[in-house]
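The structure appears below as structure tokens.
These numbers come from a predicted model, not from an experiment. For this chain, numbers begin at 1 and follow the sequence in order. Values reported hereafter were calculated over all heavy atoms of this structure, with side chains retained and with hydrogens, waters and symmetry mates removed.
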Amino acid sequence: MFVELVKESMGQKAGYRFDTDEAIAKALIATGQAKQIENDPLAPVIAKSMESMLSSITNTLNTTLEATLKEFANAQGKSRKNAVPAIFGEGNNGDPKATFGKFLLAIHNRDVKALEEMGSRFAEWDSPIDKKTAMSTQTGTNGGFLVPTQFHDKLMAMVTEKSIVRSRATIVPMTSRSVQIPALDVTTAPSAGDTAFLGGVVGRWTEEATAVNETEPNLKQIELVNYELSGYSKVSNTLLQDSAIGLEAFLMQLFSRAIAWYEDYAFLRGNGVGKPLGVQNWTGLISATRTTSNLFKLADVANMYARLLPGGDESSIAWVGHPTVMAQLIQMTGGDNIIFLANDLQGKPKMKILNYDFLVSEKVPALGTANDVTLCDFHHYLIGDRSQIEIAYSEHVAFLTNQSVWRFVQRVGGQPWLRDKITLSDATNSLSPFIGLAA
């Protein structure tokens, strides 16, 4: 527990802040020697450090992308024997004439013929998303080129591997901007002896030859809407030296990581305004009481799990916590049947609580704030996927700084499948597929 001395004690002056055992902290507070610090003093430092780190990563990726595209162009001029390992990496196979890197170079060079042969087409940014536009040599300020199907499927497979939500959610293919999804009405409080889990169906015991009350499910409609996720990367026009890695793999990694990160952030924390509605802003999220401020304890695990909607399994349910929660988790006790931290020194540690994965992510709030830990059954989260990504290149956007810009646009929607949490037959208690820990 973090405390601050209010008067000189233990050789330290008033105002000295430190972290100590909870029992010692309470004793100091009780004797008037210290006061508890409500907010974690390390959080701002960590946030600032994270911001600096992300900025450094962005600059590094920009530089690397620039160098990689140059190497890719050079590799395509080599014989097939030498081009394959340069593009795909040693020990891998592929067709140098049909690669994601060649697609990007065709955009860079405005090679309309090559793009048409790959199955791409030009899509204007400000046109209806269903409008087909003739191929042209327009720049990325006007629109982008659709990623061909063979590259899109591979790219999205890598997005799924790196994501928290998409790999566990229910995916709904979409061919228009919005779609109506049927959902049972499980939010209306039932009468005593009935249940909301059946969506309005009620059963009654009757004698033979007695009329039975007619019942049918109460179906509601949920509108799933696509929104644009746009990203860009500025690249210096001063080309650097070669990069000794598999080019096809790197170019796929660059775009898939960007899509996965920003998708996850919206699916977890989006407010639904111009973006998906995240689970932490959904009206049906249940906020479980935290037993001790700025801590995550075994009692919190129990409080959260007790409110989880039953019926899910380990393929869709996961705990999501901020990196600052890790120290709490590692010190948590309860036995291997409850908390499982496996480290065989051969790979990264495996962390589970009640046999559900504990996923560490900067995309959720820091320790001590609401929803720093969330228990989610992502089967109840819908992702509307247009299966469409557009990529553009422009040398004009940042002309004065001698930079060019790569931009991608993906159209995706997301929101919980249920309209609200479910009230049980006692008409008082409720359960939800998404449980957050209160501040």
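Residues Leu224 and Val172 have side chains in contact (heavy-atom distance under 4.5 Å, counting atoms from C-beta outward). Side-chain contact between Ile391 and Phe255 is present, with at least one heavy-atom pair separated by less than 4.5 Å. No side-chain heavy atom of His380 sits under 4.5 Å from any side-chain heavy atom of Pro416. Looking only at side-chain heavy atoms (C-beta outward), Ile222 and Gln180 stay at 4.5 Å or farther from each other. Side-chain contact check for Met351 versus Val360: some heavy-atom pair is nearer than 4.5 Å. Gln280 has its side chain within reach of Pro365: a pair of non-hydrogen atoms, C-beta onward, lies under 4.5 Å apart. Looking at His322 and Val325, their side chains come closer than 4.5 Å, going by heavy atoms from C-beta outward.
Note: Gln410 CD to Ser230 OG = 10.0 Å, rounded to the nearest 0.5 Å. To the nearest 0.5 Å, the span separating CG on Leu229 from CD on Glu263 amounts to 6.5 Å. Between atom NZ of residue Lys352 and atom CG of residue Leu359 there is a gap of 9.0 Å, rounded to the nearest 0.5 Å. Summarising the geometry, atom CD1 belonging to Ile164 is positioned 4.5 Å from atom NZ belonging to Lys363; distances are rounded to the nearest 0.5 Å. The SG atom of Cys376 sits 6.5 Å away from atom CG of Leu268, with the distance rounded to the nearest 0.5 Å. Once rounded to the nearest 0.5 Å, the distance linking CD1 of Ile353 with CH2 of Trp319 reads 5.0 Å.
Taking both residues in full, the closest heavy atoms of Pro276 and Tyr381 are given as CB-OH, 3.9 Å, listed atom of the first, atom of the second, then distance. The two atoms that bring Gly274 and Tyr227 nearest to each other are C-CD2, 3.4 Å, heavy atoms only. Of all the heavy atoms in Phe296 and Gln328, the pair that sits closest is N-OE1, 3.5 Å. Of all heavy-atom pairs spanning Val159 and Ala260, the tightest one is O-CB, 3.7 Å. Between Val165 and Asp264 the shortest heavy-atom distance is N-OD1, 3.0 Å. Nearest approach of Met332 to Lys297, heavy atoms of both residues: CE-C, 3.8 Å.
A salt bridge between Asp372 and Arg290 is present, with a side-chain N of the basic residue lying under 4.0 Å from a carboxylate O of the acidic one. The existence of a salt bridge linking Arg411 and Glu390 is confirmed by a sub-4.0 Å separation between a basic side-chain nitrogen and an acidic carboxylate oxygen.
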Item to complete: Starting from the C-alpha separation in whole Å, work towards a yes-or-no answer on side chain to side chain contact (heavy atoms under 4.5 Å, CB included) for Ile383 and Gln415.
Response: CA-CA 7 Å; Ile383 294 179; Gln415 69 178 70; over 6 Å; no
Practice prompt. Output, in order, the C-alpha distance, side-chain angles, deciding distance and verdict of side chain to side chain contact (heavy atoms under 4.5 Å, CB included) for Ile181 and Gln221.
Written response: CA-CA 6 Å; Ile181 305 296; Gln221 295 288 338; 5.7 Å; no
Practice prompt. Take Leu309 and Leu418 through the side chain to side chain contact (heavy atoms under 4.5 Å, CB included) test and state the conclusion after the steps.
Written response: CA-CA 11 Å; Leu309 187 69; Leu418 301 179; 4.3 Å; yes
Practice prompt. Take Lys162 and Ser256 through the side chain to side chain contact (heavy atoms under 4.5 Å, CB included) test and state the conclusion after the steps.
Written response: CA-CA 8 Å; Lys162 298 171 177 62; Ser256 63; 3.7 Å; yes
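Under a 3.5 Å cut-off, the side chain of Trp282 and the backbone N or O of Leu277 do not form any donor-acceptor pair. Under the 3.5 Å distance criterion, the side-chain polar atoms of Thr324 are matched with a main-chain donor or acceptor of Leu367. Within the 3.5 Å criterion, the main-chain N or O of Ser430 finds a donor-acceptor partner in the side chain of Arg307. In this structure a side-chain-to-backbone donor-acceptor pair under 3.5 Å is present from Ser120 to Leu146. Between the side chain of Asp111 and the backbone N or O of Ala114, at least one donor-acceptor pair lies under 3.5 Å.
Ring geometry, Tyr356 versus Tyr305: the interplanar angle falls from 30° to 60°, so the pair is classed tilted.
For the residue pair Thr428/Asp426, the side-chain donor-acceptor check at 3.5 Å is not satisfied. Side chain to side chain, Ser167 and Glu161 fail the donor-acceptor criterion of an N or O pair below 3.5 Å.
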Can I get a per-line list of side-chain donor-acceptor pairs under 3.5 Å for residues 431-439, giving both atom names and the distance, sequence neighbours left out?
unit_1 : atom_1 : unit_2 : atom_2 : d
Ser432 : OG     : Gly284 : O      : 3.0
Ser432 : OG     : Phe434 : N      : 3.1
Ser432 : OG     : Phe434 : O      : 3.2

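Every residue two or more places apart in sequence or in another chain that forms a ring pair (Phe, Tyr, Trp, His ring centres under 6.0 Å) with Tyr265 is listed here: Trp261. When the ring pair (Phe, Tyr, Trp, His ring centres under 6.0 Å) test is applied to Phe378, no partner is found at least two apart in sequence or on another chain.
A side-chain contact (heavy atoms from CB on, under 4.5 Å) with Arg168 holds for exactly one of Asp357, Ile317, Thr160; it is Asp357.
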